[in-house]
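Each ligand, and each atom within it, is numbered from 1 in the order the structure gives. Worth knowing before you read on, the calculation uses all heavy atoms, side chains too, and leaves out hydrogens, waters and symmetry mates.
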Amino acid sequence: MADTATLVYAPLGGAGEIGMNMYLYGFGPVKSRRWIMVDCGIGFGDMETSPGVELIVPDTAFVESLGDRLEAIFITHAHEDHVGAIGRLWRKLNAPVWATRFTAEIAKRKMQEEGLSPKAVKIAEYGGRVQAGPFSVEFIPVTHSTLQCSALAIRTEKGVILHTADFKIDDDPLVGAPFDIEPFRALGREGVLAMAIDSTNVFSEGSTGSEGSLRPDIERVIRECEGAVAATSFASNVVRLKTLAEAAAACDRSVVIAGRAMRRMIEAAVDTGLLKDFPPTVPEDRASDIPDRNLFYLLTGSQGEHRAALARVAAGVHPTVSLSEGDTVLFSSRTIPGNEAEIYRLYNRLSERGVRVIDADMARIHASGHACRDELRAIYEAVKPRIALPMHGEHRHLVEHAASAKRWGADHAVVAPNGSVVALDGNRPEIVDEVETGRVYLDGSVFVGALDGVIRDRLKLARQGHVVIALVVDEEGDLLADPEVRCIGAPVDRERPLDAVIAQAVDDAMDRAGRKEKRTDAGVESVAARAARKVCFDRWGKKPVTTVIVTRLEDEED
Ligand SMILES: [Zn+2]
Ligand SMILES: [Zn+2]
């Protein structure tokens, strides 16, 4: 497994999860290889695996080690899982960022939010070519679920790579041109060595259905509602927001946009001239003047995000929007794998307030932005890639997609999880190396590494509870006062409080402990922790995280 390749593909994020997309392509001998990055996205934390974490980004240690051998960063579209980390990570990457106009507008705002100059973000035109070291990159329009989405044709001396990014084949996208397969056929004629391709819907037969076909169904659903109606969708899916707003306006409802992220996205789409004729909206603070049956709210938070507008409405703490008996919430969105629990919790919160929830399983109010199997097959038939590189999927998606790719005509298909380096030139593609990869968590305002132990500790605290023991000892290690104990996240027993029982057990253990052990703080800590954990296990059936604080008072010598 020696890396003697000239052209390689190396995913750092997105090949093993749906989220935090980051893919690298390299050209040249390994020591002096030049690189480009495609996409720079984020993922979100959840209570199960990363309690308290706001968002997750790929570990970029490998890219940082490249220095100026990273030629450029290409962003395919404005979704958070593709552009979300560009502001936060740019200082470490330090390369020009290329995107089409709308995506560039979003990327610039992300740079500005981090105090960076938006000048690093450059606008690419469809059909033009951007030269980045040994790579020539062309943006090709695709339909998806936000504006100006692109596939990338990456040309090198060793062959052409097509990076489809997220796409569907939409004949009636409402905004922007219908999907045009001709550029893909042209690439097929030119010859495509490898195609990195969206795997999100590889398990879904048929096709996704167009955006335009949703409009009458959404209008019918809204017309049947009596109280206030709110709809949630991704803020970046501005076309859907427009469809929802138009359907609501057709039902005599005034549209109120609640949530900064959503307002910002619509603004960006209108500012760039891409989104026209968005129905007039009413400011949030004026909504209370309008009767419920004439109100329609657009809210962020379709994935159950705690701080988003919808979660706050469900908790009854939103400053301007309140929903109750007789009102309806439409989830015009899909559940991203991993978010199910949070979303169902939100459904139930709303239900408890008397609010009816309608989702895409109950009515045709959402069409996926990702190609289903018929659409994937059509792309394989047009492009005829020699090598398929399934991406944008969990491991099971990549495996299924690789198996299908061969049936759809690819000679080779490689399941390449995050961190693998795949040689694309040579007789057959193979994984020839691995680079450092992993996740970095944004915890509050600080980035913590997956191996820093922060998340591991937090999970332990969540599962096991915490006992703190403070001991004051003399030089010999004998207790000078009763142990002080605090239990956090432990069951309450009023008859025999756990902290008192632990204090007694620690006291006894210190009496029994040997002189030598008590002479060091580490020894004292271990005696106390053992005693506390034993008594907790006996009485509670658990071994909590135990912290022992030792204060050793020196003898006075005068
Ligand atoms: Zn995506
Ligand atoms: Zn997307």
### Task
Would you mind telling me which of Val160, Thr164, Ile161, Ile387 makes a side-chain contact (heavy atoms from CB on, under 4.5 Å) with Met195?
Thr164
### With Asp170, the side-chain contact (heavy atoms from CB on, under 4.5 Å) member among Ser210, Pro178, Ser213, Ser207
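Result for side-chain contact (heavy atoms from CB on, under 4.5 Å) with Asp170: Ser210.
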### Message
With carbon and hydrogen excluded and only N/O/S kept, which atom of His79 is nearest the Zn ion (ligand 2)?
### Response
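Nearest N/O/S atom: ND1.
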#### Entry: Asp166: its N/O/S atom lying closest to the Zn ion (ligand 2) (atom name)
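Distance check against the Zn ion (ligand 2) picks out OD2 in Asp166.
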#### Entry: Aromatic ring proximity Tyr126/Phe139, centre distance under 6.0 Å
no
### Message
In this structure, is the centre-to-centre distance between the rings of His370 and His392 below 6.0 Å?
### Response
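Yes: the rings meet the under 6.0 Å criterion.
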### Message
Looking at Glu190 and Arg185, is there a salt bridge between them, counting it only when a charged N and a carboxylate O are closer than 4.0 Å?
### Response
no
### Query
Which single N/O/S atom of Asp81 lies at minimum distance from the Zn ion (ligand 1)?
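The nearest such atom is OD2.
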Let me check your reading of the structure: within less than 2.8 Å of the Zn ion (ligand 1), is there an N/O/S atom from [X]?
| X | value |
| --- | --- |
| His82 | yes |
| His392 | yes |
| Asp198 | no |

### Task
Tell me whether His370 has at least one N, O or S atom under 2.8 Å from the Zn ion (ligand 2).
no
